[in-house]
Amino acid sequence: MESLAELDHRYLWHPFTQMRDWLKTEPIVLVRGRGAELMDDRGRKYLDANSSIWTNLHGHNHPRINRAIVQQLGKIAHSSALGFANEPASQLGKALILAASPTASSAAAADTKKNPRTALSKVFFSDDGSTAMEVALKLAFETARRSGRARKPRFLSLQNAYHGDTVGAVSLGHIDLFHKAYSPLLFKSDKVMAPYCYRCTFNRTKPERADARQYRKCNWECLAQLEQKCAIKRRGGEPYAGFVFEPSMQGAAGMIPQPKGWLQRACGIARENGALLIADEVMTGFGRTGSAQTQSTFAESNDVPGSSPPLRPSTRMSRVPVRSPLFACHHEDVQPDLMALAKGLTGGYLPMAATLSSQAVFDSFLGEYEDFKTFFHGHSFTGNQLGAASALASLEMLQEPASTTARVQLENALTQQLGQLWQHPQVGDIRQAGLIAGIELVEDWKTRKPFDLRQRAGMRVCEAMARRGVLTRPVGNVVVLMPPYCTTEKQVKRMVAVLGESIAETLQGKSP
Ligand SMILES: *Cc1c(COP(=O)(O)O)cnc(C)c1O
């Protein structure tokens, strides 16, 4: 009989993978998971250091999510949302809208009180992050046309943006390596400079052994560029239909975090210039970006170049309850018009996605049947019951105080552990936003000189980590650590220690 690895080699084609390389080595065949641990078909154990590509929240094989799925399975697995309502999807809709509402005391809440039609109030379900973004983009496109704001609606997104792999989502993206080949298939969208403090040409500081957001010196030139782009389009009579962004941290771009204050200002500029705000929270949603602590890693007073010393993230638990919003937008008091959710929606158990829409966007699709204003879009598995049941269980857990406390503790432990990586000259930048960390590998931290991508530095380090029982994937030269929320302090220590050892082995020639 063929082994599972042989079957895979014979029949499967893996995503984002050079299959010639894949076929040269025996793959790890994962057969079980529990908590932050995965097990392969030979009984070897691993830590899941990237939450199975950014999806898993509470750990694998979680009894509460398992129970919710099994209970739902005993009733029905799937029925169509085309023509019928169902139990868990209806409940999940309400739970999502409540969770995505701004906290009562925030400025965003005051805004929506003044103008209730801007509040997120409807949920459109689909299957994946890419489809959630397709939905958002079609909705924004039609809304712009129907309101007469634009005849040929155009979108603005961030440099190096990634919003998925379907053709519409790819059109919003700006990663040449993934997107260039398909350019004849795509519609045109504009890009604007994203804040990437570590490699920003406007950041006039020498590299330091700290997150570049903490020691940057600039005058928000990235925002000036955004303002210019938006204003030109508006003055031309065709404002952008939408400003598309990943709040807090751009994931596939290489874990590029935004300095405090950037998102709120950027969204203010876009909105003043007539664009809808389209937040891609596919990676950042559901508590991933943690408490306010690692978000706010530098002082606002840094706006004035060379002023007060930068703040360091606090590693001590504070006694007051830490604010830990479930969505990254809320760290910056931003309330988008459209919000895309996927990866963690079901706790990372089943493929399901949601696009949350404002009442105003929803209303622009209302009319008499024969007006044909209907949103002609949908998928076979829209509103799937198993996915919805899983998501409800996950969301319920996320909202329990114990879960918030555990996330804050894990976030602090991660901050503390990551500090030891600065000792490696090949670590250029360590960027953390809550429970997401990106470690950028460079030839020499003093010059920020990047490794040539052909050297596969990030990939080789991750391969060395896998040999030590810690699984993650890099984005180019950036190693990602994104532990499930159930990860223990001991496990997070091991993840970071193994990364350090693997850097030493791979990039400093130290024997394992
Ligand atoms: C993963 C991701 C997507 C695409 O989601 P899929 O489920 O892979 O289609 C879109 N946007 C962001 C920010 C992502 O991280």
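Order of listing sets the numbers, starting from 1, for every ligand and every atom in it.
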Discussion item. As a test of understanding, state which of Val170, Val244, Thr355 forms a side-chain contact (heavy atoms from CB on, under 4.5 Å) with Met133.
Written reply: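 That would be Val244.
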Worksheet entry | Matching residue for Lys94 among Leu98, Leu96, Ile97 - test: side-chain contact (heavy atoms from CB on, under 4.5 Å) |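 Only one of Leu98, Leu96, Ile97 forms a side-chain contact (heavy atoms from CB on, under 4.5 Å) with Lys94, namely Leu98.
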Discussion item. Using ring centroids (six-membered ring only for Trp), state whether Phe124 and Phe375 fall under 6.0 Å.
Written reply: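 That pair passes the under 6.0 Å test.
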Item to complete: Write down, by chain and number, every protein residue that brings a non-hydrogen atom to less than 4.0 Å from an atom of ligand 1.
Response: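 Within 4.0 Å of ligand 1, the protein residues are Trp54, Asp128, Gly129, Ser130, Tyr162, His163, Gly164, Glu246, Asp280, Val282, Met283, Lys343.
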Discussion item. Under 4.0 Å between a side-chain nitrogen and a carboxylate oxygen: does that hold for Arg448 and Glu440?
Written reply: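 A salt bridge is absent here (no side-chain N lies under 4.0 Å from a carboxylate O).
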Worksheet item: Can you check whether Gln225 reaches Phe202 side chain to side chain, under 4.5 Å on heavy atoms?
Response: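 The answer is yes; the side chains approach within 4.5 Å.
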Worksheet entry | Ring-face cation of Arg10 near Trp13 (centre distance under 6.0 Å, axis angle within 45°) |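 No cation-pi geometry.
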